[in-house]
Amino acid sequence: MKFLKAHLDKCIQCGACMSACSKAWAKEDSPELSRIRVEAVAGLTDITVCDQCGGCIAVCPTMALARDKNGVIQIDRKRCTSCLMCVEFCPKASMRFSPKIPSPFKCVACGICVPECPSGALQIIDTGKEA
Amino acid sequence: MSYINLDLLAEWSYDPAPIHRGYTKKYLTVDLGKGDGAFSHTVSDVDDAMIETFTGGRGFGLKILWDHVTEQSRWDSPENALVISGGPICGITQYPGTGKTYSVFLSPLTDQTYNSNAGGYLGPYLKASGFDALAVAGKAPEDVVVYIDGDEGKIKIFKAETDNRNAYAVTENLHKHFSKDEYDQISISVMSAGRAAEHSWWGALNVSFYDPRRGLPRLKQAGRGGGGTVLRDKNILAIAVRKSGFTGKENNPADMSVLQKVGTKLHREIRQNDDVQCLMRTVGTAHLNLVMNDYDILPVNNFKFGRSEKIGAITPEAYKKYFTQGYADGCWHGCSMACAKAVDGFELRTGPDKGKKVTVDGPEYETAAAIGANIGIFDPLWTIEANYYADHYALDTISLGTGLAFVCECYELGLINKEHTGGLELNFGAAEDLMELIHRMMDGRDEFAAAVAKGIRQMKTIFSERYGADREVMERIGMEGQGIEVSQYRCQESVAQWGGYFLTLKGPQHDEAWVIFMDMVNKQLPTFEDKAEALFYFPNFRLWFSLVGVCKLPWNDVEPVDNQIRYKGIEAAKVPEHVENYLAIYEAVTGKPLSKEEMILQSEKMYNFERIFNFRMGKGTRAEHNIPDRALGPVFPDEWEVRKDYFEGRLAEAGIDGTGLTVEQKIEKLLAHRRVEWEKLVDAVYSRRGWDKNGVPTRETVERLGLDSAEVLKVMEPYWRTGKRA
């Protein structure tokens, strides 16, 4: 199973990952449209990103959420009805939405952000096991 | 496996009107002729004036039905229309409970208008297919399926031949027939009835949605009032709508970002609070069994008692083990309340499907109490089985339960006996024979079963005329008002709920007002004026759901954690933060701001229009607001004895000296006192609603609400002149 692992101790809150993510997936440099979220909580780093746990799958009424062959949770946009239940029922609060995009969106462990991180805080892990 | 053969009889093309801010501004009428096969259709405009007065949903239903019928029309007249409409909010996916559809029709049970709502995908798909409402009128010469294909812009009438006219079979067949592959069945919604609806007046409407996890269609019911009876009287086997690729943007709202923001806020509340509040996601409304038992509100043995020592068998925990957990059990997309629980892999033990493993929708609370405690049965497996067959045959489970409870009490009182019942021993708790009676209700060939299936009001006449049963006793214990059986809350110790049930537009259902806790438990409505205010606000507030197409449950079956801290008394019961949600959603969909006062005004227009409609049909006066003794208090000594100290206290509270009186005399005095209280309640409620002493909306009320059209004035002026119908 593939997922993006964040090392909070290395993050310098520069936002390069959010910029890379939103440009790649939403064609816009906007933290609101990024699938990874970096915030400062009381000055300390907090990174929210999908760890592919699968908690969202059961809540979707149309079965628009499913694992691909890499164990990554993907959204079938033809099935998604934009109800956003997955957003609030995500145990990791890492399913995101924006009025600009009809469906919710999430990290699919593509790894685009990893080389953009100047401090090496991000890493794609492949467990090699089925989820 | 059953089959269905469809032969095309008529077909028309149309251009599906796109939805703009919640409305297509079109409605469709399909006329099936007068048994002559002269099928026709009309697409009509919905203008701004219609929206202004009637809003949508049930309002559109009432307006369209008004235009179809005359003062002489009855439920089985060809011109009686079954009008189906969701409303402007119906079909959004971002807020829980926004897929409701209202069906409006003249009812066989009440001989006046009825409206009944269901979940399922019909309303949203109908609108996405280009119609704010669908009216079906006339009668087909043989069984037909009315099909609207919103993808292709086609309306089709098929002759339908099948070996099984019951709901699950018809629905499953049509989902398969009209879909392209298994998953595509999600694009279909079917409204059907069942064989019992071909003779019973309790005929329910079953509305479907496809559950992709279970791989089968599920059924939700607009059960009350006999809508299924009307459907089958028209020889409609089913109405089906197809709309594929539903994305959640179809309603084309004015401001999607508000819907997303308010919707996710409620999803969060449900996720955080449901486990400690109402258990809707795990048990659905069946969690109420225990709560109602604790407060003597659970109906046991025809509402005689409010609790039972057998409650342990039907607690939330008992039902939870039968409901499959962890599924997305919403009856419309985006409903995180997920209360549409189901029992999977249930092996039927009786009836035509004996031995078959099925998925049973429910039981919900009303069903669990009706065909459970109210007939003295505390066995979830029996109730689940009865629930399946009631839905399948299209019997309204609420009327069925209250009706069977009446039958059991008549049987135990000796008013009817085994000779009358076709050999059935129908004591309370007689599980085997009661199940057999339900099966006999499917085709109605059994004389007794057919009589029962006509409802309590007819049973009282039939039992007295045919079997010599004591009419007076039956009037006291038959739990019906205006011809409709009471739903499953025991109201006798809440004066306000007497009105919540019996001062209603369409009879004692729980759609208008549920004020028992506010009144009886929390003592927040001490005066008749307070009760009248609650019986003004809540029926109007709740009616608003029916105008816009949303479900009541997410309003107050989950609450913000600080609701009871921020607000007190009746204000807390309104759940103000959720009212604000609805106002925000309405504006976000329609683009029109709405205040909470304007919201009540929208409803008040329809509340009074429906009342006026009742007068038009020769109903509606104070005399029609009947209430049986059993709803007011104990009728027989055993009911008194089980709560002796409590009733002695009520007697003393009423200033009645019970010294030297027999229990029968005490009951008589308490009921006489409560009859006086009832009349005071009626006066207070009528006054608050802007009606005269006879329950007639005054000229001032009609004018204030802008309902004074020439047609309305023609109906009302004779009442205003003479105080009664001219």
Side-chain angles (χ1 to χ4, degrees), chain A residues 22 25-26 28 30-35 37 39 41 46 48 50-68 73-107 131, chain B residues 91-96 98-99 121 124 128 182-184 186-187 209-215 218 244-251 253 255-272 274 281 324-338 340 588:
Chain A
S22 61
W25 288 97
E28 190 179 325
S30 165
E32 287 303 305
L33 299 174
S34 169
R35 291 139 188 249
R37 187 172 60 204
E39 289 174 308
V41 178
D46 188 16
T48 314
C50 177
D51 66 359
Q52 318 301 337
C53 75
C56 55
I57 294 175
V59 82
C60 179
T62 59
M63 296 176 73
L65 290 156
R67 287 187 192 278
D68 67 13
I73 313 296
Q74 300 281 0
I75 302 172
D76 181 342
R77 292 180 200 287
K78 285 183 185 161
R79 292 187 176 189
C80 175
T81 64
S82 317
C83 73
L84 306 185
M85 287 200 291
C86 54
V87 170
E88 282 305 327
F89 279 77
C90 170
K92 310 292 161 55
S94 57
M95 185 72 81
R96 312 203 62 202
F97 74 96
S98 163
K100 294 177 182 173
I101 300 173
S103 302
F105 49 91
K106 63 180 286 297
C107 174
Chain B
I92 67 167
T93 61
Q94 293 76 23
Y95 194 83
T98 48
Y121 295 0
E182 193 176 322
Y183 186 82
D184 187 49
I186 205 166
S187 309
F209 69 96
Y210 184 75
D211 184 334
R213 279 186 180 76
R214 292 178 168 94
R218 306 272 306 275
S244 65
F246 201 94
T247 64
K249 295 181 291 176
E250 279 78 357
N251 217 30
D255 190 344
M256 177 63 90
S257 67
V258 170
L259 298 183
Q260 292 180 328
K261 187 177 153 197
V262 180
T264 48
K265 187 179 77 158
L266 192 64
H267 290 325
R268 194 176 318 138
E269 261 176 45
I270 290 170
R271 179 171 188 255
Q272 292 173 346
D274 186 57
R281 288 184 57 81
T324 303
Q325 298 294 308
Y327 277 7
D329 283 327
C331 68
W332 173 238
H333 302 312
C335 192
S336 48
M337 190 147 259

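What you see is a predicted model, and the numbers here were worked out from it, not measured in a lab. Chain identifiers are assigned alphabetically (A, B, ...) following the order of the sequence lines, protein sequences preceding nucleic acid strands; residue numbering begins at 1 within each chain.
Between A328(B) and P61(A), the shortest heavy-atom contact is CB-CA, 3.9 Å. Listed here is the closest heavy atom pair of A64(A) and C60(A): N-SG, 3.2 Å.
Residue contact with chain B, scored on non-hydrogen atoms closer than 4.5 Å, involves the side chain of F97(A) exclusively.
Interatomic distance, OG of S22(A) versus CZ of F105(A), reported as 9.0 Å (0.5 Å rounding). Interatomic distance, CD1 of I57(A) versus SG of C53(A), reported as 8.5 Å (0.5 Å rounding).
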Suppose we count any N or O donor within 3.5 Å of an acceptor, strictly below that value; which pairs fall between chain A and chain B?
| from | atom 1 | to | atom 2 | distance (Å) |
| --- | --- | --- | --- | --- |
| I57(A) | O | R213(B) | NH2 | 2.6 |
| A58(A) | O | R213(B) | NH2 | 3.4 |
| C60(A) | O | R213(B) | NH1 | 2.8 |
| C60(A) | O | R213(B) | NH2 | 2.9 |
| T62(A) | O | Y183(B) | OH | 2.6 |
| T81(A) | O | T93(B) | OG1 | 2.6 |
| S82(A) | O | Q94(B) | NE2 | 3.3 |
| S82(A) | OG | T247(B) | O | 3.0 |
| C83(A) | O | H267(B) | NE2 | 3.1 |
| E88(A) | OE1 | R268(B) | NE | 3.0 |
| E88(A) | OE2 | R268(B) | NE | 3.3 |
| E88(A) | OE2 | R268(B) | NH2 | 3.0 |

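Here the side chain of Q52(A) pairs a donor or acceptor atom with the backbone of I73(A) at under 3.5 angstrom.
Applying the side chain to side chain contact (heavy atoms under 4.5 Å, CB included) test to C86(A) and every residue at least two apart in sequence or in another chain returns C56(A), V59(A), L65(A), M95(A), P104(A).
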